[in-house]
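Remarks on the structure that follows.
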Amino acid sequence: MFTYVDFCNSFAFKNCAGNTDAQNVFDFLCRPETIHNMMVFTNLELPAISGVAKDLENMFANAPLFPLTDPQNRQIVGRMVKFILEHFGYKPLAGGLDERARLRNFSEAKLFKTASVYELKNTPSNSIVMKII
């Protein structure tokens, strides 16, 4: 599995390693239900965070150590998503941000306007197993 420290080291965000709010955002993004949600939207060829942007904003918009009102922090969230989804075989679509990257109104996002669209490219090193008990 992967950790927040792994993320910080891989993207040279060593100064964020002690940021508890950033770690809380990462932990939210690593929840199985959040990853599954991002994978579903990816498979619909929509930005991966389409289904979680509203929750992200509700929980972390004004986090003292990592406010999502700061555009740089939203970019870091995008890198977190990339890091996480790579472990499940997904890569960002080539071509950068185009019209597909725009979050739709149904996402109810106020801060996130665009985000990467991903595609399954590699054999995943991790998988999610859903159970009803």
Side-chain angles (χ1 to χ4, degrees):
M1 200 61 186
F2 47 90
T3 67
Y4 176 68
V5 173
D6 295 334
F7 164 75
C8 292
N9 290 335
S10 70
F11 280 95
F13 290 126
K14 290 177 179 50
N15 58 336
C16 285
N19 187 321
T20 55
D21 287 338
Q23 181 164 2
N24 290 337
V25 169
F26 185 84
D27 291 344
F28 168 80
L29 292 170
C30 285
R31 292 179 184 169
E33 61 272 20
T34 302
I35 295 169
H36 179 261
N37 195 328
M38 292 190 295
M39 291 166 66
V40 167
F41 279 91
T42 291
N43 292 336
L44 294 171
E45 298 180 3
L46 292 168
I49 67 163
S50 294
V52 300
K54 179 182 175 185
D55 291 335
L56 267 172
E57 292 176 358
N58 287 342
M59 294 188 315
F60 304 108
N62 297 307
L65 301 174
F66 193 75
L68 296 182
T69 53
D70 182 337
Q72 183 178 3
N73 290 343
R74 291 194 303 273
Q75 287 180 336
I76 293 171
V77 168
R79 290 189 175 151
M80 289 177 182
V81 170
K82 179 181 181 203
F83 177 80
I84 293 164
L85 289 181
E86 282 179 343
H87 287 86
F88 294 90
Y90 291 91
K91 296 279 185 192
L93 282 175
L97 297 177
D98 59 17
E99 185 59 26
R100 293 175 293 183
R102 184 180 51 78
L103 268 69
R104 309 311 191 273
N105 290 338
F106 67 80
S107 75
E108 299 182 31
K110 304 275 188 267
L111 300 172
F112 289 92
K113 300 299 180 198
T114 60
S116 293
V117 178
Y118 291 81
E119 62 184 337
L120 187 61
K121 286 288 214 178
N122 300 317
T123 303
S125 58
N126 291 295
S127 62
I128 295 176
V129 177
M130 305 282 283
K131 292 184 193 181
I132 297 176
I133 298 176

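All values below were derived from every heavy atom in this structure, side-chain atoms included, with hydrogens, water molecules and symmetry-related copies excluded.
Put simply, the side chain of Asn58 never gets that close to the backbone of Asp55: no donor and acceptor are under 3.5 Å apart. Under the 3.5 Å distance criterion, the side-chain polar atoms of Asn37 are left unmatched by any main-chain donor or acceptor of Glu33. Not one N or O on the side chain of Arg102 forms a donor-acceptor pair closer than 3.5 Å with the backbone of Lys113. Side-chain atoms of Thr42 never come within 3.5 Å of backbone atoms of Tyr118 as a donor-acceptor pair (strictly under, hydrogens ignored). At least one donor-acceptor pair closer than 3.5 Å links the side chain of Glu57 to the backbone N or O of Lys110.
In the displayed structure, Arg79 atom CZ is contacted under 6.0 Å by at most 12 heavy atoms of other residues, nucleotides or ligands. Sparse packing is recorded around CD of Glu45, with 12 or fewer heavy atoms of other residues, nucleotides or ligands lying under 6.0 Å away.
Contact annotation: the side chain of Ser50 approaches that of Phe106 to within less than 4.5 Å [non-hydrogen atoms, C-beta and beyond]. The side-chain heavy atoms of Tyr4 and Val25, taken from C-beta on, include no pair separated by under 4.5 Å. When side chains are defined from C-beta on, Val77 counts as touching Phe66, because their heavy atoms get closer than 4.5 Å.
Taking CD1 from Ile76 and CG from Leu68, the interatomic distance works out to 10.0 Å, rounded to the nearest 0.5 Å. Annotation: the span from Asn73 atom CG to Phe60 atom CZ amounts to 12.0 Å, rounded to 0.5 Å. Between the CE atom in Met80 and the CD atom in Gln23 there is a gap of 9.0 Å [rounded to 0.5 Å]. In this structure, NZ in Lys91 is found 11.0 Å from CG in Leu85, a value given to the nearest 0.5 Å.
Annotation for Arg104 and Pro47: closest pair NH1-CD, 3.9 Å, computed over non-hydrogen atoms. Residues Phe41 and Ala48 come closest through the heavy atom pair CB-O, 4.1 Å. The shortest heavy-atom contact between Leu65 and Asp21 is N-OD2, 2.6 Å. When all heavy atoms of Cys30 and Ile84 are compared, the pair lying nearest together is SG-CD1, 3.6 Å.
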Take Thr114 and Phe112 through the test side chain to side chain contact (heavy atoms under 4.5 Å, CB included) and record every step on the way to the result. CA-CA 6 Å; Thr114 60; Phe112 289 92; over 6 Å; no
Could you walk me through whether Tyr90 and Asn43 satisfy the side chain to side chain contact (heavy atoms under 4.5 Å, CB included) test, starting with their C-alpha distance in whole Å, then the side-chain angles of each, then the deciding distance to 0.1 Å, before giving a yes or no? CA-CA 10 Å; Tyr90 291 91; Asn43 292 336; 3.3 Å; yes
For the pair Asp6 and Phe83, evaluate side chain to side chain contact (heavy atoms under 4.5 Å, CB included) and give the outcome as yes or no after the intermediate values. CA-CA 9 Å; Asp6 295 334; Phe83 177 80; 3.9 Å; yes
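When the side chains of ILVMFWY residues are joined at heavy-atom separations under 4.5 Å, either directly or via intervening members, Leu29 and Met59 end up in a single hydrophobic cluster. Linking ILVMFWY side-chain heavy atoms closer than 4.5 Å, directly or via other members, places Leu46 and Val52 in two distinct hydrophobic clusters. Residues Met38 and Leu120 fall within the same hydrophobic cluster, defined by Ile, Leu, Val, Met, Phe, Trp and Tyr side chains chained together at heavy-atom separations under 4.5 Å. Cluster annotation: Val5 and Val81 are assigned to distinct hydrophobic clusters (Ile/Leu/Val/Met/Phe/Trp/Tyr, side-chain heavy-atom contacts under 4.5 Å, transitive).
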